[in-house]
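Below is one structure; the comments refer to it alone.
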2 protein chains.
Amino acid sequence: MTEKQEKILQAALELFAKEGFHATSTNKVAKFAGVSEGLIFRHFCNKEGLLQAILNSGERRLKSLFAEIIMETDPKEVIRKTITMTDHIDESEYDFWKLQFKLKWELEISGDKKMQPLKMALANAFSSLNYESPELEAELLLLFTEGLGAAVLKGSSINTEEMIQFLLKKYKL
Amino acid sequence: MTEKQEKILQAALELFAKEGFHATSTNKVAKFAGVSEGLIFRHFCNKEGLLQAILNSGERRLKSLFAEIIMETDPKEVIRKTITMTDHIDESEYDFWKLQFKLKWELEISGDKKMQPLKMALANAFSSLNYESPELEAELLLLFTEGLGAAVLKGSSINTEEMIQFLLKKYKL
DNA sequence: GTTTAAAATGTGAGTACTTACTTATTTAGT
DNA sequence: ACTAAATAAGTAAGTACTCACATTTTAAAC
């Protein structure tokens with residue numbers, strides 16, 4: 001991975017996240033990265049390839065964030081970590097997460113599959129704590145987590161900290 | 001409002017909702033509507049104007065959906081109607097709602113302001129029922145509602161009916 | 001009720017510009 | 001010297017948008 005290759009990835013991530021995939025031209029990416037436009041196609045084949053490269057390099061972030069929760073053995077901790085997840089995403093990774101959310105709507109990249117392990121871990125946790133409907137509880141909590149994440153990334157007026165504390169209280173954690 | 005004008009609005013709504021605003025060209029809209037491309041600009045000035053026309057004509061739907069909840073006096077009914085809202089949106093209006101959600105990400109049209117009256121109605125309802133933190137309860141419920149709506153429109157595997165019943169039970173309704 | 005002129009609606013062929021992508025050529029690392 | 005990295009200058013197709021012209025609708029005058 002050369003220096004310019006990384007510059008392209010960085011620039012594309014920022015622009016795709018802030019303006020959207022279709023609204024960002026390869027010309028714009030090249031200029032923002034301080035690179036000739038042709039280089040994008042030399043390294044990433046086409047615009048779609050550039051996007052895939054970004055997504056692949058970001059996969060680690062996604063997995064490491066989820067892994068910490070899934071590895072947890074204490075059921076209460078699984079739930080607590082899920083609720084506080086939004087607060088643990090680093091500001092330097094905002095662009096990546098924003099892109100992830102944006103692509104769910106702009107292209108039809110669901111990201112539903114990637115949530116599955118987390119959903120199962122949550123369902124197990126709720127089951128261990130003798131909740132009546134563990135699967136539904138898991139789904140509901142994920143709905144909340146996604147909603148809160150979306151709100152934060154969209155710069156909503158919502159008070160994240162307060163909301164997280166409120167939820168922890170609701171789940172008696 | 002002429003016949004062709006409505007055809008343009010219909011076509012644009014469907015295409016914007018399904019492919020996205022930036023990904024849909026005016027040429028595509030014109031062909032899909034069976035109309036000359038120039039007519040779009042005669043009637044709606046530019047592409048942005050076309051979008052605004054769609055949004056304005058859809059405003060009624062948004063208001064009528066929220067109004068029914070806000071007018072409600074029984075606090076328990078306010079909460080119940082909010083929870084079941086997702087199930088009440090007609091399939092013929094899917095495109096409109098999908099566009100609404102998509103635009104939140106593609107452009108930065110928040111739609112946060114339009115939620116404010118509903119949020120206040122919910123906060124009042126929770127307050128009447130002596131909940132400890134009515135504002136947070138309201139915000140949380142809206143987070144769920146939006147998340148559930150998004151899931152349905154994205155064609156998620158989630159069981160909407162079941163989830164709604166589950167939530168009603170949680171809120172003792 | 002017909003005529004007629006003006007206004008509104010609609011078209012098709014353009015425009016200048018941008019798009020994703022290519023290719024011939026040059027630069028730099030080993 | 002050979003290979004990979006990088007560039008500059010293309011290209012064809014697509015973009016939003018315009019404009020001169022044709023058609024229909026409206027409405028007032030006779």
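All values derive from a computational prediction rather than experimental measurement. Every chain is numbered from 1, with letters handed out A, B, ... down the list of sequences.
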All N/O pairs under 3.5 Å across the protein-nucleotides 11-13 of chain C interface:
unit_1 : atom_1 : unit_2  : atom_2 : d
C:dT11 : OP1    : B:Lys4  : NZ     : 2.8
C:dT11 : OP2    : B:Ser36 : N      : 3.1
C:dT11 : OP2    : B:Ser36 : OG     : 3.2

Original post:
Can you list every pair that meets salt bridge (charged side-chain N to carboxylate O under 4.0 Å, His left out) and has a residue in residues 27-50 of chain B, with sequence neighbours left out?
Top reply: B:Glu19-B:Lys28
Original post:
A:Lys76: what forms a side-chain hydrogen bond (donor to acceptor under 3.5 Å, both in side chains) with it, not counting sequence neighbours?
Top reply: none
Subject >> With B:Tyr131 via ring-ring contact (aromatic ring centres under 6.0 Å, His included) - residues at least two apart >> reply: B:Phe126
Subject >> Residues which pass side-chain hydrogen bond (donor to acceptor under 3.5 Å, both in side chains) with A:Glu77, listed by chain and number, not counting sequence neighbours >> reply: A:Arg80
Original post:
For the residue pair A:Ile158 and B:Leu143, what are the closest heavy atoms and their distance?
Top reply: CD1-CD1, 4.0 Å
Taking only nitrogen or oxygen atoms into account, show me every contact under 3.5 Å that the protein makes with nucleotides 26-30 of chain C, one pair per line with its distance.
none

Subject >> Shortest non-hydrogen separation from B:Lys113 to B:Ser110 and the atoms involved >> reply: CE-OG, 3.8 Å
Subject >> Beyond-backbone contact of B:Met163 with A:Leu140, side-chain heavy atoms, under 4.5 angstrom >> reply: yes
Subject >> With sequence neighbours excluded, residues passing side-chain hydrogen bond (donor to acceptor under 3.5 Å, both in side chains) with B:Asp90 >> reply: B:Ser92
Original post:
What are the two closest heavy atoms between B:Ala17 and B:Asp95, and how far apart are they?
Top reply: CB-O, 3.2 Å
**OP:** Check every nucleotide of DNA chain D for an atom under 4.0 Å from a heavy-atom of chain B, then give the first and the last such nucleotide from 5' to 3'.
**Re:** D:dT15 to D:dT18
Original post:
Which heavy atom of A:Lys102 sits nearest a heavy atom of B:Trp105, and at what distance?
Top reply: CE-O, 2.8 Å
Original post:
A:Leu103 versus A:Leu55: any side-chain heavy-atom pair under 4.5 Å?
Top reply: yes
Identify each donor-acceptor pair in which a side-chain atom of residues 166-173 of chain B lies under 3.5 Å from a protein atom, sequence neighbours left out, and give them as a table.
unit_1   : atom_1 : unit_2   : atom_2 : d
B:Lys169 : NZ     : A:Glu132 : OE1    : 3.1
B:Lys170 : NZ     : A:Glu137 : OE1    : 3.2
B:Lys170 : NZ     : A:Glu137 : OE2    : 3.3

Subject >> Strand contacts (DNA chain D) in residues 10-17 of chain B, 4.0 angstrom heavy-atom criterion >> reply: none
Subject >> Near-strand residues of residues 19-31 of chain B, defined as heavy-atom separation under 4.0 angstrom from DNA chain D >> reply: B:Thr24, B:Ser25, B:Thr26
Original post:
Sequence neighbours excluded, which residues qualify as side-chain contact (heavy atoms from CB on, under 4.5 Å) partners of B:Gln10?
Top reply: none
**OP:** Considering non-hydrogen atoms only, spot the tightest contact between A:Leu118 and A:Met85 and give its length.
**Re:** CD2-CE, 4.3 Å
Subject >> Euclidean distance, atom CZ of residue A:Phe44 to atom P of C:dT22 [Å, nearest integer] >> reply: 15 Å
Original post:
Looking only at heavy atoms, what is the nearest atom pair of B:Val29 and B:Ile8, with distance?
Top reply: CG1-O, 4.1 Å
